[in-house]
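Presented below is the structure to which this report refers.
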Protein chains: 2
Amino acid sequence: MTASKTELFSEEQSSLAAFAGALAHPARIAIIELLQNRGESTSGEIVQTLPLAQATVSQHIMALRKAGLLNHRDCGKKICYSLNYDQIRQFCHSFQCTLGTTDAPPTPVPSTCCTEENA
Amino acid sequence: MTASKTELFSEEQSSLAAFAGALAHPARIAIIELLQNRGESTSGEIVQTLPLAQATVSQHIMALRKAGLLNHRDCGKKICYSLNYDQIRQFCHSFQCTLGTTDAPPTPVPSTCCTEENA
DNA sequence: AACGTATATCGCCGATGTACGATAAGTCAA
DNA sequence: TTGACTTATCGTACATCGGCGATATACGTT
């Protein structure tokens with residue numbers, strides 16, 4: 001991504017993009033679904049569920065952690081992961097606003113592109 | 001990505017991941033915000049708004065188009081883009097379900113990892 | 001300490017994403 | 001047709017991702 005020229009965009013734009021990036025892989029979606037269903041799972045259980053090597057799954061988990069989507073607690077030699085619903089809800093709300101799916105219907109729009117814009 | 005071993009995951013998981021991937025760049029978030037505010041914009045207007053080269057912006061627009069997030073209509077020599085709210089709403093709903101932010105509160109969960117799981 | 005288990009990290013590789021200039025392809029006007 | 005304009009695509013360079021085996025780290029048990 002060439003560092004995405006990320007400094008050229010707003011904090012919120014980068015933040016939303018990062019959140020979306022965390023969800024941008026089917027394996028990570030699967031992990032989220034698993035945690036959604038079970039409430040809590042160890043890393044090992046997640047590995048067993050996915051058709052990927054332990055190292056790869058660990059990377060996906062770490063990606064979700066860095067995005068703030070997971071809670072984890074040590075539990076002896078295991079680590080239990082669960083969803084951080086607060087973060088998730090917060091991001092979802094931001095997305096709803098950005099995507100315009102909260103209130104305000106599709107906004108009809110008079111469409112100016114073919115009228116005044118004939119410069 | 002490596003084709004992401006995408007065949008190993010469900011259709012819906014891949015679909016959601018693709019949608020998230022389309023949003024996983026601040027420039028694309030910025031494009032969406034722009035269209036959300038203006039309702040409709042030409043490619044040229046979008047280029048002027050972003051701090052990126054025309055070719056790069058065109059690629060981002062194409063990424064959003066391929067994800068089904070944009071409507072476009074020819075308008076003389078210009079092309080007007082707008083948000084495809086139907087698609088967006090549909091994806092948002094899927095995400096709400098996957099992320100568990102629709103109904104069902106955070107699910108307390110008895111947490112079995114430290115009890116029965118001591119195999 | 002030594003071992004087994006659980007998880008994270010490293011190193012490597014091929015594939016993909018991002019960025020750009022240059023150029024092609026299309027439309028409209030003269 | 002020529003020319004100005006708008007947008008998409010090509011070619012290239014580089015960074016990042018996604019995958020894996022191997023290894024390191026950390027904990028609990030004996």
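All figures in this text were calculated on a predicted structure; none of them were measured in a lab. Letters A, B, ... are given to chains in the order of the sequence lines, protein chains preceding strands, and every chain is numbered from 1.
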In whole angstroms, how far is the [atom2] atom of [N] from the [atom1] atom of [X]?
| X | N | atom1 | atom2 | value |
| --- | --- | --- | --- | --- |
| R73(B) | dG26(C) | CZ | C1' | 18 Å |
| L52(B) | dT7(D) | CG | P | 16 Å |
| D74(A) | dA6(C) | CG | C1' | 11 Å |
| L23(A) | dG18(D) | CG | C1' | 17 Å |
| L8(A) | dT18(C) | CG | P | 15 Å |
| H25(A) | dT16(C) | NE2 | C1' | 11 Å |
| I29(A) | dG18(D) | CD1 | P | 12 Å |

H72(B) side-chain N/O to dT7(D) phosphate OP1/OP2 under 4.0 Å: no
OP1 or OP2 of dG19(D) under 4.0 Å from side-chain N/O of H60(A):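 H60(A) to dG19(D) OP1/OP2: side-chain N or O found under 4.0 Å.
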Sidechain-backbone polar pair: R28(B) side chain, G21(B) backbone, donor-acceptor under 3.5 Å: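 Here the side-chain-to-backbone pair exists.
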Whether S15(A) side chain and E11(A) backbone form a donor-acceptor pair below 3.5 Å: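 No; zero donor-acceptor contacts below 3.5 Å.
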Minimum heavy-atom separation for [X] to [Y], with atom names?
| X | Y | answer |
| --- | --- | --- |
| A27(A) | L50(A) | O-CD1, 4.0 Å |
| L83(B) | I32(B) | CD1-O, 3.8 Å |
| N84(A) | G68(A) | ND2-O, 3.3 Å |
| Q36(A) | G100(B) | NE2-CA, 3.1 Å |

Sole residue of E45(B), H72(B), R65(B), R73(B) in side chain to side chain donor-acceptor pair (under 3.5 Å) with Y81(B): R65(B)
E33(B)/I29(B) under side chain to side chain contact (heavy atoms under 4.5 Å, CB included): CA gap, chis, key distance, verdict: CA-CA 6 Å; E33(B) 287 179 348; I29(B) 296 290; 3.9 Å; yes
F95(B)/F95(A) aromatic ring centres below 6.0 Å: no
Write down the protein N/O and nucleotide N/O pairs, taken from nucleotides 7-10 of chain C, whose separation is under 3.5 Å; answer none if there are no such pairs.
from   : atom 1 : to     : atom 2 : distance (Å)
dT7(C) : OP1    : S43(A) : N      : 3.3
dT7(C) : OP1    : I79(A) : N      : 3.2
dT7(C) : OP2    : G44(A) : N      : 2.7
dA8(C) : OP1    : R65(A) : NH1    : 3.3
dA8(C) : OP1    : Y81(A) : OH     : 2.3
dA8(C) : OP2    : S58(A) : OG     : 3.2
dA8(C) : N7     : Q54(A) : NE2    : 2.8
dA8(C) : N6     : Q54(A) : OE1    : 2.9

Secondary-structure string, 5' to 3', Watson-Crick or G-U under 3.5 Å, | for another-strand partners, for DNA chain C: ||||||||||||||||||||||||||||||
